[in-house]
Amino acid sequence: MTKFMDVHHGMHGITADQLLAAHNADLAIEGEEKVHFERAWADPSSGTVYCLSEAPSADAVMRIHERTGHPASEIHPVPLTV
């Protein structure tokens with residue numbers, strides 16, 4: 001499985017509770033696409049949210065985010081970590 005970093009734009013003013021709710025919504029159905037969302041970060045000022053996941057494909061990540069109501073603007077594979 002590949003790690004992916006996805007980016008969401010336009011989430012200005014997102015709170016910690018809203019970020020947690022969005023992350024939990026993904027976690028609730030992630031198994032249906034064999035995705036695992038590991039962590040999420042947000043910058044409320046810029047409206048940018050980042051999610052790190054492990055998945056069989058970027059399409060699988062996108063499908064989960066679309067179903068939970070927050071489609072990703074970008075999804076990037078992360079083939080190398082240190």
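Numbering starts at 1 and runs along the sequence shown.
- The ring-ring contact (aromatic ring centres under 6.0 Å, His included) pairs that include a residue from residues 42-61 number zero, where partners must be two or more places apart or lie in different chains.
- Across every non-hydrogen atom of Ala42 and Val49, the tightest pair is CB-CG2, 3.9 Å.
- A distance of 7.5 Å separates CD in Glu33 from OG in Ser57, rounded to the nearest 0.5 Å.
- Rounding to the nearest 0.5 angstrom, the gap separating the NE2 atom in His8 from the CD1 atom in Ile75 is 7.5 Å.
- Side chain of Thr68 to backbone of Ala25: no donor-acceptor contact under 3.5 angstrom is found.
- Counting heavy atoms from C-beta on, the side chains of Glu54 and Val35 never come closer than 4.5 Å.
- Legend: ring-ring contact (aromatic ring centres under 6.0 Å, His included) pairs involving residues 20-42, not counting sequence neighbours, sorted by first then second residue: Phe37-His65.
- Criterion: ILVMFWY side-chain heavy atoms under 4.5 Å apart, direct or through other members. Under it, Leu19 and Val7 are not part of a common hydrophobic cluster.
- Between the CG atom in Asn24 and the CG atom in Leu20 there is a gap of 4.5 Å [rounded to 0.5 Å].
- Looking only at side-chain heavy atoms (C-beta outward), Arg67 and Ile29 come within less than 4.5 Å of each other.
- In terms of heavy atoms, Met1 sits closest to Ala55 at SD-C, 3.5 Å.
- Note on Lys3 versus Glu38: salt bridge recorded, some NZ/NE/NH1/NH2 to OD/OE distance being below 4.0 Å.
- Rounding to the nearest 0.5 angstrom, the gap separating the NE2 atom in His76 from the OG1 atom in Thr2 is 14.5 Å.
- A search for side chain to side chain contact (heavy atoms under 4.5 Å, CB included) contacts involving Pro71 returns Met62, Glu66, not counting sequence neighbours.
- The shortest heavy-atom contact between Glu30 and Ile64 is CA-CD1, 3.9 Å.
- The shortest heavy-atom contact between Met5 and Val78 is N-CG2, 3.7 Å.
- The closest side-chain heavy-atom distance from Glu32 to Arg63 is not below 4.5 Å.
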